[in-house]
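A quick write-up on the structure given underneath.
Within every chain, numbering begins at 1; the chains are lettered A, B, ... in the order of the sequence lines, protein sequences first and strands thereafter.
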There are 2 protein chains.
Amino acid sequence: MTHPGKTKPYRITGANSRTVRSINRAVIFNVIRERQPISRAGIARLTRLNKSTVSSIVSTLVSEDLIFEKPVQGRTPGRSAFGRNPIDLGLKKGTNLVGAISFDPTTTLLAVVDIDGSIVCSEEIATDVRPDAAFIARCADRLVSLLGSHGLPPFRGIGVSVAGAVDPARAHVVLSSNLGWEDVDVGEIIRQRCPEVPAIAVENDAKASAFAELWFGKHDIALVNFVFLSVGRGIGTGIVIDRRILTGESNLAGEFGHMVLIEGGIRCGCGNDGCWEAYASDRATVARFVGARGEGGDCTTIDDVIVAARRGDAPAIAALEETGRYLGMGIASIRKAVDPGVIIVGGRLCAAWDLVAPGLLGTLRAHMFAGARETMIVLPTSLAVRPSLLGAAAIVQRKIFGDVRVTV
Amino acid sequence: MTHPGKTKPYRITGANSRTVRSINRAVIFNVIRERQPISRAGIARLTRLNKSTVSSIVSTLVSEDLIFEKPVQGRTPGRSAFGRNPIDLGLKKGTNLVGAISFDPTTTLLAVVDIDGSIVCSEEIATDVRPDAAFIARCADRLVSLLGSHGLPPFRGIGVSVAGAVDPARAHVVLSSNLGWEDVDVGEIIRQRCPEVPAIAVENDAKASAFAELWFGKHDIALVNFVFLSVGRGIGTGIVIDRRILTGESNLAGEFGHMVLIEGGIRCGCGNDGCWEAYASDRATVARFVGARGEGGDCTTIDDVIVAARRGDAPAIAALEETGRYLGMGIASIRKAVDPGVIIVGGRLCAAWDLVAPGLLGTLRAHMFAGARETMIVLPTSLAVRPSLLGAAAIVQRKIFGDVRVTV
DNA sequence: ATTTAGTTGGTTGGAGCGACATACTATTGT
DNA sequence: ACAATAGTATGTCGCTCCAACCAACTAAAT
């Protein structure tokens with residue numbers, strides 16, 4: 001593990017005028033996504049790009065059917081009383097659909113997703129991963145038939161999210177202990193099933209969710225450096241730095257769930273002891289609830305615990321509060337590690353945010369530096385559906401609509 | 001801590017032809033730094049930039065006295081036997097000097113550093129931070145007089161590194177518990193003392209060290225994603241992602257030293273319990289050694305422990321081995337967090353690397369994922385002098401010779 | 001020794017692209 | 001009429017890229 005071995009080859013790339021174009025195109029597209037409706041003039045003000053540059057790029061985006069124009073009629077409060085009315089720009093819906101698949105040990109979600117992250121139609125099927133290739137192919141088929149039954153235009157791409165280690169470059173699931181997958185060529189299976197779909201992307205669920213939050217989330221704060229914390233059967237995190245997902249050298253960045261929280265603690269499914277997710281995942285919460293309550297009852301999911309807590313069941317409330325405290329402990333470590341401005345928590349647990357948050361924030365505060373000026377905002381997800389489903393859509397959209405990578 | 005509060009304002013910036021030039025300039029300058037001597041043709045092959053582009057940028061670098069040309073005379077093994085001889089390019093020494101200051105609780109190092117990271121001359125003074133401003137000013141004066149006494153050209157800039165929370169944008173030390181500083185305007189003090197120096201940069205010691213390793217380190221592997229682990233009185237880490245330092249939202253990324261290693265464990269100087277640095281810092285090692293050996297002896301520094309270990313003293317060896325194991329535990333968390341390709345360890349402890357490494361690597365292996373494909377390389381620093389001193393030089397060089405920042 | 005071919009390094013001039021500044025038209029309200 | 005704002009058209013500038021060219025060197029043939 002020490003001397004021998006190599007790091008990933010480092011591809012040095014210079015920039016040229018096409019680089020500039022793709023950067024500015026991405027900047028403008030992002031601004032439209034986040035601030036729509038917005039006029040050309042508004043974009044120019046915001047980005048400090050020249051009006052003519054904005055016009056030029058906007059016209060290509062319009063010709064590519066990515067955005068639409070809508071002249072403003074009346075006067076809106078924010079604007080001056082004088083002058084020509086702007087032409088508002090917004091994402092053009094209906095013509096650029098992607099398919100999204102979110103695999104999960106119990107239910108797999110399929111959806112047709114529009115360019116703004118809105119769900120056109122969706123389907124939920126019970127996960128049945130034996131054999132894996134057949135199930136993946138079946139999901140692809142259902143997705144395509146979903147298009148047909150609603151009379152929709154063909155997919156621009158299909159995105160997939162899975163809990164576990166994923167290699168996005170190869171659209172390949174390296175290891176998903178949740179699903180029992182090892183070295184499954186998800187991308188290839190879908191490509192064979194849907195040869196007419198031009199783009200396929202696969203990503204880890206938490207990383208994809210983080211990206212969905214960045215693109216489709218509704219927040220009144222700017223998301224630039226943040227961490228998406230996905231609490232479910234396990235705990236996954238997606239780290240976003242300067243609006244880019246942190247992949248790490250082996251695509252394993254953000255495996256905070258298997259960070260040791262308590263040395264020599266509870267045995268985790270990964271084989272080690274004391275992992276964070278052995279204390280704060282939904283399974284841990286359920287186990288704590290069942291343990292405290294003694295046997296009896298048929299509580300098996302986090303939803304059951306939340307329902308019980310809402311009924312006023314003391315052990316259920318205690319279990320959730322305890323989970324909050326464990327979450328706070330782990331989040332404290334995340335803050336020390338990457339100092340994000342925001343932590344966004346996703347998962348069914350968010351339905352009991354009022355019960356979880358106090359313990360979480362209290363523990364977090366207790367783990368602050370003594371004279372700390374740290375500020376960090378902790379929020380539940382703003383996404384209405386399962387974040388990893390929207391994440392699957394977002395990562396393939398990024399692939400289609402222009403990803404920019406600049407190496408210095 | 002939840003809803004109220006704001007994240008840092010996000011400055012959207014487009015790109016233009018100057019952006020392209022600065023990117024390519026940085027790419028070429030980096031290639032020369034890392035691969036010197038190298039010819040124009042070699043750079044073009046490596047970067048895939050056009051020969052004429054390379055020529056153009058190289059000529060500006062030459063005219064700015066940053067690099068020099070030296071025609072190759074004989075035939076070198078690697079090259080073909082035919083063809084015109086190349087003109088080798090390399091960093092031009094002697095004309096672009098920077099001053100570097102590395103503050104430390106016991107000894108502060110001052111140095112005149114050349115463009116390639118070589119130390120022209122240096123001085124070591126006992127740290128005496130009461131009052132802080134006077135000491136900083138004295139350091140600046142000594143640095144300048146160092147120039148004069150050696151008949152050297154004026155500084156292009158002065159860089160400073162300090163353990164603690166630093167705001168590089170304001171060249172401001174927010175909090176350094178080691179030195180007992182709080183809100184010290186280091187940059188301003190030096191600027192007033194040396195008004196003729198055009199650039200001043202201040203950075204956290206571990207982050208600066210990481211940067212020094214990136215620019216001046218000699219490794220046979222490519223450093224792109226790595227973490228510099230600075231073990232001293234405390235533990236600091238500098239995270240580098242895609243060759244950029246990860247600063248975090250409040251410049252506090254990489255505070256792994258205050259990550260909780262053992263819940264409810266040893267009290268740390270930061271006020272919390274069980275921090276990693278309470279177990280693996282030099283102070284912790286010394287304390288463990290003194291505790292195991294009983295009183296008597298005057299061991300107060302890590303050097304004493306290492307000397308004792310070299311004499312064959314069993315408690316000293318045990319203390320160092322134990323430190324290695326604790327280091328491994330923390331490094332395991334770093335890997336889970338950001339998945340770096342390489343971890344580089346700096347500090348006096350490296351002198352006992354043979355004693356520390358086995359426990360470190362063993363613990364690290366024990367904390368791997370079960371079916372893991374993770375590869376991570378752990379190495380002691382390749383820098384001959386205190387990394388944070390070279391880091392101070394590197395960060396101000398980055399400021400002078402062109403930092404590129406592209407926001408998408 | 002001289003010539004010629006072959007190979008590689010580096011430079012030059014022009015084409016093309018893209019952002020930018022400026023001047024222009026269009027549209028609105030007073 | 002005038003002021004203010006939105007959007008477009010045109011010319012300039014900076015940069016990379018391409019292709020041709022010059023420069024320097026080796027090897028082999030004459």
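- Proximity of residues 22-47 of chain A to DNA chain C (heavy atom under 4.0 angstrom from any strand atom) is restricted to Asn24(A).
- Residues that satisfy the side-chain hydrogen bond (donor to acceptor under 3.5 Å, both in side chains) test with Arg45(B), not counting sequence neighbours, are absent from this structure.
- For Lys70(A) and dA6(D), the NZ to P distance is 17 Å, given to the nearest whole Å.
- In terms of modelled atom types and a separation under 3.5 Å, the side chain of Asp339(B) and the main chain of Ser250(A) share a donor-acceptor contact.
- Considering only residues two or more places apart in sequence or on other chains, Arg18(B) meets the side chain to side chain contact (heavy atoms under 4.5 Å, CB included) condition with Asn16(B).
- The salt bridge (charged side-chain N to carboxylate O under 4.0 Å, His left out) search around Arg243(B) returns Glu34(B), not counting sequence neighbours.
- For dA21(C), the base has a donor-acceptor partner in the side chain of Asn50(A) [N/O atoms by modelled type, under 3.5 angstrom].
- No N or O donor and acceptor, one from the side chain of Ser56(A) and one from the base of dA19(C), sit under 3.5 Å apart.
- The side chain of Phe82(B) sits closest to dT7(C) out of dG7(D), dT7(C), dA23(D).
- Note that Arg33(A) lies in the cation-pi zone of Trp215(A), set by a 6.0 Å cut-off to the ring centre and a 45° limit from the axis.
- Closest to the Ile57(A) side chain, of the nucleotides dA24(D), dG7(D), dA19(C), is dA19(C).
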For nucleotides 11-13 of chain D, give me every protein contact, N/O to N/O, under 3.5 Å, one pair per line with atom names.
none

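- Backbone-only contact: Asn16(A) has heavy atoms under 4.0 Å from sugar-phosphate atoms and none from a base.
- Nearer the 5' end of DNA chain D, as judged by each residue's closest nucleotide, is the contact made by Asp88(A), out of Asp88(A) and Ala15(A).
- Residues Glu69(B) and Arg40(B) have side chains in contact (heavy-atom distance under 4.5 Å, counting atoms from C-beta outward).
- Side-chain proximity of Lys51(A) to dA6(D), dC15(D), dT12(C): nearest is dA6(D).
- Without hydrogens or angle criteria, Ser382(A) side chain to Lys218(A) main chain gives a donor-acceptor distance under 3.5 Å.
- The side chain of Pro86(B) lies closest to dG10(C) when the candidates are dA27(D), dG10(C), dT16(D).
- Ser118(A) is linked by a side chain to side chain contact (heavy atoms under 4.5 Å, CB included) to Lys93(A), Asp114(A), Asp116(A), counting only residues two or more places apart in sequence or in another chain.
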